[in-house]
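First listed ligand is number 1; within each ligand, the first listed atom is number 1.
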Amino acid sequence: MNVLMVCLGNICRSPMADGLLRMKFKQHGIEGTVDSAGTANYHIGKAPDHRMRATAKSLGYPIDELRARQFKVNDFDQFDLIYAMDNSNRDNMLQLARNDEDMKKVRLILDELPGNEGEAVPDPYYGTQHDFEHVFHLLDRATDQIITNIKHHDNR
Ligand code: 4NP
């Protein structure tokens with residue numbers, strides 16, 4: 001199972017989602033690739049935001065080695081599931097989709113989390129430490145649910 005996490009800048013939300021799911025794939029022996037990308041080109045080549053890195057490290061899922069890249073059409077061929085952090089990221093990717101098959105791969109990540117369907121992972125970029133921790137905990141729960149779904153082959 002190859003999974004791509006996507007946000008706007010690829011320096012806060014999607015690298016955190018990537019780091020969590022990457023480690024959980026290892027812990028559960030699930031084969032496949034986990035990666036992340038941004039719909040924007042602002043931060044290509046940069047490490048994740050220092051506040052997201054600090055939160056990630058303190059809670060046990062370091063993401064210092066990740067580097068930002070931009071989402072590309074070819075990602076539709078490389079990945080089975082493509083998770084958007086919010087509706088804007090989702091719409092941007094759907095505009096690049098070439099066909100129904102591409103479109104079906106794109107999902108809102110919190111649609112996987114019972115009780116949070118339809119919600120966005122809030123962009124913490126202009127926020128506080130609390131906002132970064134909130135993002136971590138939402139993504140920790142969402143990635144647990146993704147692991148459960150993959151193990152039960154319940155990927156719709
Ligand atoms: P992300 O957060 O999409 O979670 O990586 C952002 C990072 C940078 C910017 C916006 C959102 N920015 O405008 O530079």
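The nearest protein atom to atom 6 (C) of ligand 1, hydrogens excluded, is given as Asp123 OD1, 3.7 Å; this is a heavy-atom distance. For atom 13 (O) of ligand 1, the nearest non-hydrogen atom of the protein is Tyr42 CE1, 3.8 Å. The protein heavy-atom contact nearest to atom 14 (O) of ligand 1 is His43 NE2, 2.8 Å.
Under a cutoff of 6.0 Å and an axis angle of 45°, Arg90 and Tyr83 do not form a cation-pi pair.
The closest side-chain donor-acceptor pair between Gln70 and Thr39, if any, does not fall under 3.5 angstrom. Side-chain contact of Asn149 with Glu112: a donor-acceptor pair under 3.5 Å is present, judged by distance alone. Side-chain contact of Asp131 with Thr128: a donor-acceptor pair under 3.5 Å is present, judged by distance alone.
A salt bridge does not link Asp80 with Lys105: every distance from a Lys NZ or Arg NE/NH1/NH2 to an Asp or Glu carboxylate oxygen is 4.0 Å or more.
Near Cys12, the atoms of ligand 1 lying under 4.0 angstrom from a non-hydrogen atom of the residue are 1 (P), 2 (O), 4 (O), 5 (O). When each atom of ligand 1 is checked for a heavy atom of Ile11 under 4.0 Å away, the hits are 5 (O), 7 (C), 8 (C). Under a 4.0 Å criterion applied to the non-hydrogen atoms of Gly9, ligand 1 contributes the atoms 1 (P), 3 (O), 5 (O).
The main-chain N or O of Gly118 is found under 3.5 Å from a side-chain atom of Asp111 such that the two form a donor-acceptor pair.
Taking distance alone, with nitrogen or oxygen atoms compared against 3.5 Å, Cys7 stays at or beyond that limit from ligand 1. Between Pro124 and ligand 1, a contact under 3.5 Å exists for no N or O pair.
For Leu8, heavy-atom contacts with ligand 1 shorter than 4.0 Å involve the backbone as well as the side chain. Contacts with ligand 1 closer than 4.0 Å are made by no heavy atom of Met85, backbone or side chain. If you look at Asn10 next to ligand 1, the close heavy atoms, those under 4.0 Å, all belong to the backbone.
Paired with Val3 under the rule side-chain contact (heavy atoms from CB on, under 4.5 Å), one option of Asp18, Leu21, Thr143 passes, and it is Leu21.
Grouping the Ile, Leu, Val, Met, Phe, Trp and Tyr side chains by contacts below 4.5 angstrom, directly or via other members, places Val121 with Leu113.
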